[in-house]
Amino acid sequence: MHKIARILVPINHIDFLDYLIPEEANINDFVEVPIKNKKLIGIIWSILDVSEVPIEKLKPISNLLGYSASANMRIFLEKVAEYNIFPIGKVAKLVIPAIVKTPKKIRITKNSELIHNIKPLNESQEKAAKKILEYKDTYKAILLEGVTGSGKTEVYFHVISKILLEKPNSQILLLLPEILLTAQGLTRITKAFGDNIYVWHSGITPAQKRDMWFEVLSGKARIIIGARSALFLPFQNLSLIIIDEEHDSSYKQEEGVVYNARDMAVMRAHIESIPIILASATPSIETILNAKLGKYEKVHLAARFGGAVMPDIKIVDMTQNKSESKWLSDRLLEAVKAKLAKKEQVMLFLNRKGYAPLTLCRACSYRFMCDVCSSWLVEHRKERKLKCHHCGYKIPIPKVCFGCKEENTLVALGPGVERIEEEIKKIFNEARVLTLTKDSLKKSSDNDEYLNKILDNEVDILIGTQLLAKGHHFPRLTLVGVIDADVGIGGAEIKGAERTYQLLHQVSGRAGREQIKGEVYIQTYYPKNHIILSLKDNNPEHFIESEISVREQSEMPPFARLASILITGSKLEQAENFARKVVSVAPLYEKVQVLGPVSASLSRLKGRYRFRILVKSEKNFNIQHYIRSWLEQIKVPSYLHLKVDVDPYNCL
Ligand code: ADP
Ligand code: ZN
């Protein structure tokens, strides 16, 4: 006798298929099923009396994997699908590895072997750890806040080791921004926990992913460090989640499956009834507000560990700049000179890759744009290319203007890191300069190579993008120059001000982490902007208060809910007309505003025209439910795309 089962399969829009399963199979079991010519892993979702498919047409499953999903995992899957408004088969794809083959026998590590080297905590760290551990047996979101270097990492190491030792078979998940998941970034964690850590990021192979998936499923993997998608691993006994740099925008996945890993992690912690630590020196506005409202516990570390002091922040008003260089003020250059004389390191930060963000014709004002995106081409002089940063389109740097065909009329407008490098080398021709952007890191070993160069004293001036802002600790670095603090100020992004503040704060934190007090020079054309003033006075409260009041007055999140619906198509009219049609059938509701469609600020991307609809509601309204029932009435033609983004960060 066979039973009939409905099986969740990792296929978008198919979601469930019916199969025959053996008597001993149960709900939530992982199974291998034949689909077309492939084998995939699925989960037995329910046992049926009858299927709509005639019984003789039902195929038997290929295999029972011998493991089942936890009941909590199943709830998590359902909730993720519901919250983000996507089909559950799509969530299953996040959860289930692509390769089926079951690995060899798995050996389980003993508790006593897990902890290697945990530092004793100081008094305020001890207090913080104790507070967090009060919640070790329940759901609680805890904001662990403290300036860079205050010892947050040591605190959560301590909490991890306590829970690992106390709870047999417990599993711990530590999420980090992808950029920190390098060998160098992980050395501290390896020191603390030896080889018992399991690292999950986009660089590991499908076979490694499969092995790790089984190691988590079998309970062997106890400490899992990963990028956002590690949240979807099949934990059996998850006991603690930590999200370091909780404010980091890389937790928001925007391509393909759109979700916010931080928020989904809080959801998972809630389902599992376990604590979750959100660590940051610059927590996001929504987390701060949750702490203020008492929904989250807040644990604060006040000082830098060992008495290192916060850097001295100086604002350079660029409207008064009289330097020969357009981008490097005299004050900053003087400071660089002084540091070089003392053989200390300098970092210059500019969040713009390439040489110049715009190439313009002096004669006819022609601007070089991407062929398939509505964006300017960025000059990369070293590569001799103009490149689109949205799609990778590139052309050789032109000799003549494409508009008027004149020669020698093209000018590069504005600086990127390459241009800063060029100027710096001219002024300080003896100095050893290293420029780092994401493009410099082709292999994962590159990162370590560069970091070692900096640590081994082979670099005097470091120039780079936000890659440099995060996590690193360079003992000899005592001066940070922010070339253009205005890059993110004044944009239309919901979180634009917040991100700019966080980034500049973080960059500033790179200066003077040890005995010598650091100095930071922030160049800006808006010295009175509240972001700049808060940085200057080292007064995050000031920024937070003003930002919260801006959001409240403009009825923006977290004081309201937002969702974005993006409609794209290769023909402008088709996309626009369809977007209009979608809006025209929106259910009318007092608590909801449907705004648009408008041409997105990046109005064309990779050849597709983009129209955006914004849905805004009161804070306590079930916006997902509303959007689901609205979109159920609509069939999206195959030549168009419709993408929903709940709680969008980005409205580009
Ligand atoms: P954060 O995570 O807040 O940036 P860290 O945990 O990285 O801070 O601590 C900053 C520095 O101080 C690190 O080099 C760390 O090893 C050291 N440190 C922090 N706490 C202790 C401690 N209790 N004992 C020894 N060193 C510590
Ligand atoms: Zn492009």
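Counting convention: from 1, in listed order, for ligands and their atoms alike. This one's a predicted model, so the numbers in the text were calculated from it and none came from an experiment.
Counting the atoms of ligand 1 from 1 in the order shown, those under 4.0 Å from a heavy atom of Leu121 are 23 (N). Atom numbering of ligand 1 starts at 1 in the shown order; those under 4.0 Å from a heavy atom of Glu154 are 6 (O), 15 (C), 16 (O), 18 (N), 19 (C), 20 (N), 21 (C). Distances below 4.0 Å separate heavy atoms of Val147 from the following atoms of ligand 1: 3 (O).
Here His390 does not reach the Zn ion (ligand 2): none of its N/O/S atoms is less than 2.8 Å from the metal. Coordination check, His389 versus the Zn ion (ligand 2): failed, since every N/O/S atom of the residue sits at 2.8 Å or beyond.
Only the side chain of Lys119 comes within contact range of ligand 1, with a heavy atom under 4.0 Å; no backbone atom does.
For His201, the ring pair (Phe, Tyr, Trp, His ring centres under 6.0 Å) criterion is met by no residue, not counting sequence neighbours.
Between Lys252 and Asp645 there is a salt bridge, since at least one side-chain N of the basic residue sits less than 4.0 Å from a carboxylate O of the acidic one.
Judged by distance alone, the side chain of Arg610 and the main-chain N or O of Ala600 form no donor-acceptor pair under 3.5 Å.
Angle SG (Cys388) to the Zn ion (ligand 2) to SG (Cys373): 110°, rounded to 10°. Rounded to 10°, the angle formed at the Zn ion (ligand 2) by Cys370 SG and Cys391 SG is 110°.
Using modelled atom types, one finds no donor on one side chain facing an acceptor on the other under 3.5 Å when comparing Thr437 with Thr465.
Heavy-atom proximity to atom 9 (O) of ligand 1, evaluated over Ala279, Gly146, Gly151, is greatest for Gly151.
Within the 4.0 Å heavy-atom shell around ligand 1 one finds Pro120.
Taking the centre and axis of the six-membered ring of Tyr355, the NZ or CZ atom of Arg381 falls inside the cone set by 45° and 6.0 Å.
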Please lay out, stage by stage, how Ser170 and Leu240 fare under the test side chain to side chain contact (heavy atoms under 4.5 Å, CB included).
-> CA-CA 8 Å; Ser170 53; Leu240 170 69; over 6 Å; no
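Pro398 approaches Leu386 most closely through the heavy-atom pair CD-CD1, 3.6 Å.
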